[in-house]
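Counting starts at 1 for both ligands and their atoms, in listed order.
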Amino acid sequence: MKQRPTFPAQLDATLAKNRPNAQGALMPRGPLQGKPATASLQLAAALPAIKAKPVHHLPAKVVPHGVGMDSSAVRTRMVQKLAEGGVRDPLVLAAMGAIERHRFVDSALANQAYEDTSLPIGLGQTISKPGVVSRMIELMRNGATGRLGRVLEIGTGCGYQAAVLSMVADEVYSIERLRGLHDKARENLRLLRVANLHLLFGDGMVGYAKGAPYAAIIAAAGGEAIPQAWVDQLAMGGRLVAPVAQGGTSGGAQALMVIDKTPQGIRQTVLEAVHFVPLKSGVA
Ligand code: SAH
């Protein structure tokens with residue numbers, strides 16, 4: 001059988017330094033440095049409602065092959081377009097080129113996976129356009145040259161953006177409030193063996209305090225305002241990127257908001273108009 005060497009090999013190489021250590025514990029980086037190596041697993045055990053589990057490891061030979069297209073070439077073209085559209089961050093472009101978006105959508109939609117369009121992922125939710133994903137992650141990284149430390153994503157959805165994040169940050173925590181999508185993301189990510197990505201089921205409106213402080217927080221759903229918990233859980237010097245309703249109603253126009261936590265205080269910047277699914281409280 002013909003092997004597809006590009007994707008798993010690249011991801012493995014990039015993620016190798018985040019592999020579990022001899023004891024099977026994750027080696028925390030960034031903001032957790034200096035704490036015990038098992039901290040991220042302990043915090044998962046400490047929370048009954050929200051469980052953080054690393055995505056399963058499977059042998060490389062079970063990684064499935066493609067869907068009848070040379071997805072690597074199609075992704076390369078997508079990345080070229082993203083770069084032409086203004087995305088500059090090399091880590092973001094590399095991650096967008098490596099993560100196979102077609103594996104995160106229904107097979108009937110796979111042929112549209114590399115177009116710059118949002119697509120349905122079930123339960124009334126959508127996977128964001130590659131242009132928006134790369135733009136938001138570039139903003140979130142704020143010009144960092146290497147990987148960020150710990151990152152929190154609100155709205156796992158199908159898990160695509162979480163997978164991209166796992167290549168540009170040392171540890172990624174991603175929360176989803178819909179059980180069906182949380183399970184779908186886990187299934188989508190199972191074969192990718194992404195050891196530094198932790199999927200959480202819970203209400204992301206309250207963030208995930210046990211993992212704080214975060215170098216960055218990114219939301220894939222838009223509310224009427226930025227929840228205070230997110231700002232509280234941001235590290236000093238950290239950046240939050242989220243869609244927020246303009247004019248105080250969640251049904252209407254939204255814009256991307258960037259919040260920087262600086263020693264001088266909170267700096268808020270409103271950028272371009274966007275269209276995201278609503279941020280909702282509670283789980284379902
Ligand atoms: N990043 C996702 C985009 C999914 S759409 C992807 O790559 O597929 C946004 C998601 O946010 C939806 O799945 C929705 O259920 C979820 N969401 C909305 N409010 C939330 C909340 N309070 N906590 C966690 N997830 C939430």
Closest heavy-atom pair and its distance - Ala95, Val168: CB-CG1, 4.0 Å

Ala221 heavy atoms, cut-off 4.0 Å: which ligand 1 atoms fall inside? 11 (O), 18 (C)

Check this for me, if you would: do Asp260 and Arg239 make a salt bridge, where the nitrogen-to-carboxylate-oxygen distance has to be below 4.0 angstrom? yes

Record the part of Gln125 in heavy-atom contact with ligand 1 below 4.0 Å; permitted values are side chain, backbone, both and neither. side chain

May I ask you to decide whether Glu100 forms a salt bridge with Arg75, counting only side-chain N to carboxylate O separations under 4.0 Å? yes

Going by side chain to side chain contact (heavy atoms under 4.5 Å, CB included), Tyr160 matches just one of Val133, Leu119, Asn188, Leu189. Which one? Val133

Decide whether an N or O pair under 3.5 Å exists between Gly204 and ligand 1. yes

Between Arg190 and Glu187, does any side-chain N to carboxylate O distance fall below 4.0 Å? yes

Looking only at protein heavy atoms, which one is nearest to atom 15 (O) of ligand 1, and what is the separation? Glu176 OE2, 2.6 Å

For ligand 1, which is the ligand I care about here, please tell me if Lys280 has any N or O atom under 3.5 Å from one of the ligand's N or O atoms. yes

Within 4.0 Å of some non-hydrogen atom of Glu153, the atoms of ligand 1 are 1 (N)

For atom 24 (C) of ligand 1, what's the nearest protein heavy atom and its distance? Arg177 N, 3.4 Å

Donor + acceptor pair across side chains of Tyr114, Arg101 (<3.5 Å): no

Should the proximity of Pro278 to ligand 1, defined as any heavy atom under 4.0 Å, be assigned to the side chain, the backbone, both, or neither? backbone

Just need the protein heavy atom nearest to atom 6 (C) of ligand 1, so name the residue and atom and give the distance. Thr156 O, 3.5 Å

Enumerated ligand 1 atoms positioned under 4.0 Å from heavy atoms of Leu181: 13 (O)

Evaluation steps, side-chain contact (heavy atoms from CB on, under 4.5 Å), between Ile266 and Ile259: CA-CA 7 Å; Ile266 300 298; Ile259 288 187; 3.6 Å; yes

Can you check whether Gly155 has an N/O within less than 3.5 Å of an N/O in ligand 1? yes

Numbering the atoms of ligand 1 from 1, which are under 4.0 Å from a heavy atom of Thr126? 3 (C), 4 (C), 5 (S)

Within ligand 1, which atoms have a heavy atom of Val277 less than 4.0 Å away? 5 (S), 9 (C)

Indicate yes or no: does an N/O atom of Ser281 lie under 3.5 Å from an N/O atom of ligand 1? no

If you measure every N/O of Gln161 against every N/O of ligand 1, is any gap under 3.5 Å? yes

Quick note on ligand 1: atoms under 4.0 Å from a heavy atom of Met205 include exactly 22 (N)

Close N or O approach (Leu279, ligand 1; < 3.5 Å): no

Judged by non-hydrogen atoms, does Val283 sit under 4.0 Å from ligand 1? no

